[in-house]
Structure formats: C-alpha cells, structure tokens
2 protein chains.
Amino acid sequence: MSDAPKPKRGRPSTLDIDKTLDVAMGAYWQNDPVDVSLNAICDLASVSKPALYRIFGGEDGLMRAVLDRYAEQVLSDIFKILARDAPVNETLAALIHFASQEPKMATGCVFYKMRAGKHRLGPKTRERVAEIDTAAVQAFEAYLVARSDDGDWDGDQSPAMVARYLVEQIGLALTQRAAGEDPAGIRDTLALALSVIQRP
Amino acid sequence: MSDAPKPKRGRPSTLDIDKTLDVAMGAYWQNDPVDVSLNAICDLASVSKPALYRIFGGEDGLMRAVLDRYAEQVLSDIFKILARDAPVNETLAALIHFASQEPKMATGCVFYKMRAGKHRLGPKTRERVAEIDTAAVQAFEAYLVARSDDGDWDGDQSPAMVARYLVEQIGLALTQRAAGEDPAGIRDTLALALSVIQRP
DNA sequence: GATTTAACGTACCGTCTGGTACGAATACTT
DNA sequence: AAGTATTCGTACCAGACGGTACGTTAAATC
C-alpha cells in the first residue's frame, strides 16, 4: 500500500505527509472540495506547491489520498454501524443520528461533497468516489439481506433498491448539514424518509 | 417590471434579450450553472461581453434574469400541478412523473442546480433562489392544508415539514437526473420516498 | 573534501475568469 | 451639416488557477 521506499541518499524530506493530508481533509471538509485550491492548501499546510506535487502528483492525487484517508477515518463509522448487524429499527436510528446529529458531520461529508461535484474531479479521485459509492450500496444491501434472513426485515422491495435509497437519503441529510440547515429538522426529515423501511 | 424605456436617441440596440436569455438558460440547464462562464455564453449567443454587461449588469444579473425566466417557463409546471388541487395520490404521481420522466428535465433543474451551489452565486441570484425555495415550500404546504381540509390527507405530520420533505425529495430526483442516472430507478426511489405520505 | 543523490522552494508559465476603458458606429435633434 | 445621445465591440485589466523549470540545500557515499 505504502509506496515510500525512503531513499538512502539525498536531502531528507521535511514534508509531513500525515499533517498535510489532515490539513487538506479539514479544508475539503469545512468547505466544498472543488472550492479549495491547491494554493490554499499549500498555505494552510505550510508546504510548497512543488513539494505537494512530488508526493501526490497533483490535485487529483491529493484529493484521492485525502478521500482514502477520509474513508478510513470517517466513513468506516457507517460500515461499523452496519457490521453490528443490529435490528433494523436500531440501525436506522443509529444512521439517523450519525447523519443529522454527529458533531463531526456538522459541515457535511467529504465523500458526498465530492460525489455531488464529481464532474469537476480528476480521474483518480472520480474513480475512488465511484468505488466507495458502490461499496456503500453493497454494504447496505448485505446488511438488509442478513436481516431479511433473520426475519427482521420483510423486504417488500428489492434489497438493492432499498440500499441505494438509504445511501441517497443519508447523502441528502449530510448535504443539508453542509448547507447549514437545522439539525433537528434534518433529523425529522431523514426519519420520515427512512420510516418507509420500518416494520409495520 | 420592464425597465426598458427605449431611448429616443442614440445608436439602436441590436442585442436580442430574449434570445440571449434562452441561450444562457439552455447552457445553465445542460451543464452546471457555476461551470458556465460568461465568456462561453457570449460565444454561444454571439453577444459581446460589454453588451451583456450593459443589459444585465454582470454575471449575477444575468443569472437572476435567467432564473426568473426559468421560474416562469418551467417551474410553473409544478405549481400548476399543485393548483389542480387533485387528490394526494394523483398529485404525487404527477410530481413523480415530472421529476423522473419528463424529457425536458432530463438534465436536471436550473433552480435546484443553483440552490446546490448557492454559495457560489451572486447576491441577487442567491436572493431569488431563496425566494423561490420558500415559495415552493409554501405552495406545497398550502396544497396539503387544502387536501387536509377535504379529508384527503390525514396530516400525521405537520404540513410544513411534509412540504419541505417533498421539495427536497423532488430536488434529489432532479439532481440524480442531472447526474445521468437511470430514470426508472429514480422514479422507483422517488415513489418509495413519497409513499410515506400516501393514505394507509 | 569531492561527488552523487534527492528534496527544497522561488519565481515563473499559460490559461481562464469576471469585468472595463475607450474609440468607432449609428441613430435622433437641432 | 453639426451636435448630441446611445450602443457597439476590440482589446485590455488584475487576479486566480493548476502546474513546472531550475538553481539551492542537505544528506549519504566515495
């Protein structure tokens, strides 16, 4: 995974990759990724543009690296909720809380922000976005199928469709948070949207 | 409304305002408004930038003018559906069809596109977006209250909240259309979302 | 200490953006 | 015909963007 063979000669690198990625992730998270320029990130991280270029190969590479890190550090929370394999009502409640109340999602979600403006992304980043998107749908679908086997969910609709529905509704809620809307209102709206899945 | 007093002297204007607005609307509709530059519109409409500036005062003024025109010519369709005061199921079906199947919405909706990137709009355009947004919610709310009085809808939830919900779900569907997703899938998803409002 | 290797960052590149200065063109009024 | 009013569009402005050429600096090796 790591492609840093650490050369045995030459001037030692002073660029802190982790710090740079954290700064970039913060900037992409706080604002819209497409509105954050490479120059701005260089200033924030106190890194020169060529240095950033040597490591990430350009804006596309940086965004992709940030997205990878974000998936590990943040999106994993969602996958963990599904992996608990808890009853549907409980899982939905956890998802609603995560999307509408969780403080760290107060400015929305880097993944959904990137997905919303995917036509402006570079090829590598766009590819990662697509991968994460399908991975998320598959995780939701797997969860639903598992609960269906346990008899907890009586799939009137196809699991694939409901999985897609969940991904989109959570994305809508997180987009609304990014827009600064009232969390309580977002929670109620998302709860209404997800109520179609509850047991009768 | 019209502030074109037509001066009695001076070189006559050759700029066709209607054609210019149509070209700009088409460009904003086909692509994302924030991705369409003034230069591109000038080329498409065969209008010089200063000419465009004299009439609309800049990008913000042009966008606002386009949005006004779009509201009159396109968004009015939605208001008409509500004004029919038809039963809830019938109205929802019409809205679902409009958002997911209507050919002219195949590339999404100028209003929702602008709303999604409102932080990038000029003040005049942003103000209009906000006005249309509240007007839409109010129209949906008024429709729901009217149907509630007729006993056609048993408001378990507040009309205001359901109105907001409808506006957001339709926006989600139109955003998905702009992203080029499958209309049939969008229809099913939107139908699922709106099923929470149907009579039991 | 000389040489090699590699990261450093200043200062630049071309391109695009929204916006404008200004002289030429074209009408009506006198 | 002279003067005035208004629109015309070329050619420019400053600024931001992503990206890079290249001389400098700092380590390991000889």
Side-chain angles (χ1 to χ4, degrees), chain A residues 2-21 23-24 27-28 31-66 114 117 119-126, chain B residues 2-20 23-24 27-28 31-66 114 117-126:
Chain A
S2 172
D3 44 3
K6 197 178 190 182
K8 298 177 178 80
R9 301 171 50 153
R11 182 171 176 174
S13 177
T14 59
L15 189 150
D16 186 336
I17 296 184
D18 278 351
K19 178 196 162 199
T20 305
L21 283 174
V23 168
Y28 289 151
N31 316 291
D32 201 308
V34 297
D35 289 332
V36 178
S37 71
L38 260 167
N39 294 319
I41 291 175
C42 289
D43 287 350
L44 289 171
S46 301
V47 168
S48 75
K49 223 180 336 182
L52 213 156
Y53 230 82
R54 269 169 241 129
I55 299 205
F56 301 106
E59 191 174 41
D60 189 20
L62 173 65
M63 273 198 172
R64 182 199 160 117
V66 168
M114 286 184 178
H119 59 282
R120 268 172 277 209
L121 303 178
K124 301 196 204 96
T125 310
R126 186 157 47 214
Chain B
S2 173
D3 44 4
K6 198 179 190 182
K8 298 177 177 81
R9 302 167 53 152
R11 182 172 174 172
S13 178
T14 59
L15 187 150
D16 187 335
I17 294 183
D18 278 350
K19 178 197 162 200
T20 303
V23 168
Y28 289 151
N31 315 291
D32 201 308
V34 298
D35 289 330
V36 179
S37 72
L38 261 173
N39 294 320
I41 292 175
C42 289
D43 286 351
L44 289 171
S46 300
V47 169
S48 74
K49 220 179 338 181
L52 215 157
Y53 232 82
R54 267 169 242 127
I55 299 205
F56 300 107
E59 191 174 42
D60 189 22
L62 172 65
M63 274 200 171
R64 181 197 159 119
V66 169
M114 287 185 177
K118 65 181 170 190
H119 58 282
R120 270 173 276 211
L121 303 177
K124 300 197 203 93
T125 311
R126 186 157 46 213

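Every chain is numbered from 1, with letters handed out A, B, ... down the list of sequences. If you're wondering where the values come from, they're calculated on a predicted model, not measured in any experiment.
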Rounded off to whole Å, could you give me the [atom1]-to-[atom2] distance for the [X] and [N] pair?
X: A:Leu52; N: C:dC8; atom1: CG; atom2: C1'; answer: 14 Å
X: B:Ile41; N: C:dC16; atom1: CD1; atom2: P; answer: 17 Å
X: A:Asn39; N: C:dA11; atom1: CG; atom2: P; answer: 15 Å
X: A:Leu15; N: D:dA26; atom1: CG; atom2: P; answer: 17 Å
X: B:Ile55; N: D:dG9; atom1: CD1; atom2: C1'; answer: 14 Å
X: B:Asp60; N: C:dT17; atom1: CG; atom2: C1'; answer: 16 Å
X: A:Lys49; N: D:dG18; atom1: NZ; atom2: C1'; answer: 6 Å
X: B:Asp35; N: C:dC16; atom1: CG; atom2: P; answer: 15 Å

Legend entry - D:dT4 base / B:Arg9 side chain donor-acceptor hit below 3.5 Å: yes
Legend entry - For B:Ser48 against B:Cys42, the heavy-atom pair lying closest together: C-SG, 4.1 Å
Legend entry - Heavy-atom closest pair, residues A:Thr125 and A:Arg64: OG1-N, 3.4 Å
Give a yes/no on whether any side-chain N or O of [X] is located under 4.0 angstrom from OP1 or OP2 of [N].
X: B:Arg11; N: D:dA5; result: no
X: B:Ser48; N: D:dC8; result: no
X: A:Tyr53; N: D:dG18; result: no
X: B:Thr14; N: D:dC8; result: yes

Inset, instruction - Using a 4.0 Å heavy-atom cut-off across all strands, classify B:Pro50 as base, sugar-phosphate, or nothing. - result: base
Inset, instruction - Indicate, with a heavy-atom threshold strictly under 4.0 Å, whether B:Pro12 touches base, sugar-phosphate, or nothing. - result: sugar-phosphate
Inset, instruction - Calculate, to the nearest 0.5 Å, the distance between atoms CG and OG belonging to A:Asp16 and A:Ser46 respectively. - result: 11.5 Å
Legend entry - Nearest-0.5 Å distance that lies between atom CD in B:Glu59 and atom CD1 in B:Ile41: 7.0 Å
Legend entry - 5′-ward residue of the pair B:Val47/B:Pro7 relative to DNA chain D: B:Pro7
Legend entry - Upstream residue (5' side of DNA chain C) when B:Glu59 and B:Lys8 are each assigned their closest nucleotide: B:Glu59
Legend entry - Residue closer to the 5' end of DNA chain C, B:Arg54 versus A:Ser13 (nearest nucleotide): A:Ser13
Inset, instruction - Verify, without hydrogens or angle tests, whether A:Asp60 (side chain) and A:Lys124 (backbone) share a donor-acceptor contact under 3.5 angstrom. - result: yes
